[in-house]
Amino acid sequence: MMALLPRISVGSERLLPEGDYPMEEFQPGLFVHVGRHEEMLPENHGDIGNSGFIVGDHSVAVIDPGGSAVAARTLMSRIRQITDLPIDYLILTHFHPDHVAGASVFAEATHTIAHHHYIRAVAQRSVFYIERFADLMESTSPEAFGVPDTVVEDSLVIDLGNRELELVAHAVGHTDNDLSVYDRNTETLWASDLIFVERMPSLDGSLTGWLNVLEQLNAANYPYVVPGHGRPSAWRDAVNPQWDYLKTLKKSVKKAISDGKTLSQVLEPGAIDSAGEWLLRDTQHFTNITKAYIELEWE
Ligand SMILES: [Zn+2]
C-alpha cells in the first residue's frame, strides 16, 4: 500500500521527480512518456497513460497532457528542457481523464484540437469525471479538459515546420471520439488508446467498431506505433495481442448470447477467455465483457 500524498492544491507548481517521469525520444523529435500500468489514483498523480510531444522546425505539438495537472506540468517542464519553440498545438486524442485531465496546464497553446465528438463527450461525462478525479485536476470546470478551437471531422494536416502531422477522426472504436496522429517524417502512428500494449484494452465505444478501426489501420501498414498505454513499438508487435483479445471477446460473447446465457452467467470467472497475458485484467476484463454483451445482444 502506497502512502497517501497530500492533496494537490489548485495553483500548485509541484512537479513529478525526474525519475518518476521518464521521457523517451522514440523517433527523432518524437518524445513519449509511458505512464504506469495502474489505476488512476492521487498516489500516482493520474500518470497512467502515454503523453508526449513532436517537435518541428518552428513549433511543437503536445499529444495528451496526461491525467493530472501535476503530470501535465511535468510534461511542460520536460518540453522546455528540450526546446523553446512555441506550443502551437495541443492535441487531445480522446475524452478519457487519464489522457486529458491535465489539459488546463496547456491552455496557452495556440490551438487545441480534438475529434468532432469530443465536446459532446465532455458535456456528457465531465461532471462524473470531475467528481471522481477532482484531486488530480487544476480546476473543477469542464474547461479543465481542454477547450478545442479546432475539431477534426474527418482528417486534418498540420505543419510544425518541415514536419506534417496527419490527424484522423475515427468512427466509434475505443471511444466515440478517437483521434490518431500520424507523423509523416518518421512514419509513426500515435494511435493513443486505439492500441493498448501490456495493459488490457478498455472498451468504452464499440467492440465491432473497434475491430473495424483496427482493420483499417492495419491495412495502412504503419511501421511504428505509439499506443495509449505501454511501450511504443513496431505496429505488428503492438496490434496482434490486442486483436486476438478483442476478436476472442466478440466471438465468445456472441456464442454465449446465442446459447441463451445471461449476463451474470458470462461474468462467471473463466466463462469468457481473456486471450493472452494482460496487466490489470481483474478489473478490466469483466467491464469489457459487460459492454460487449450489451452491444452484441442487439446485433
Ligand atoms: Zn482511453
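Each ligand, and each atom within it, is numbered from 1 in the order the structure gives.
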The Zn ion (ligand 1) to nearest N/O/S of His96 less than 2.8 Å: yes
For Glu187, does its backbone N or O pair with a side-chain atom of Asp183 as donor and acceptor, under 3.5 Å?
no
The Zn ion (ligand 1) has as its nearest N, O or S atom from Asp193 the atom OD2
* Counting backbone and side chain alike, does Asp204 bring an N/O/S atom below 2.8 Å of the Zn ion (ligand 1)? -> no
Pro227 vs Asn50 side-chain heavy atoms within contact, under 4.5 Å
yes
**Prompt:** Judged by atom type as modelled, is there a donor-acceptor pair below 3.5 Å linking the side chain of Asp47 to the main-chain atoms of Ser68?
**Reply:** no
Donor-acceptor contact below 3.5 Å, side chain Gln242 vs main chain Val239 = no
For NE2 in His94 and NE2 in His174, the angle at the Zn ion (ligand 1) (nearest 10°) is 100°
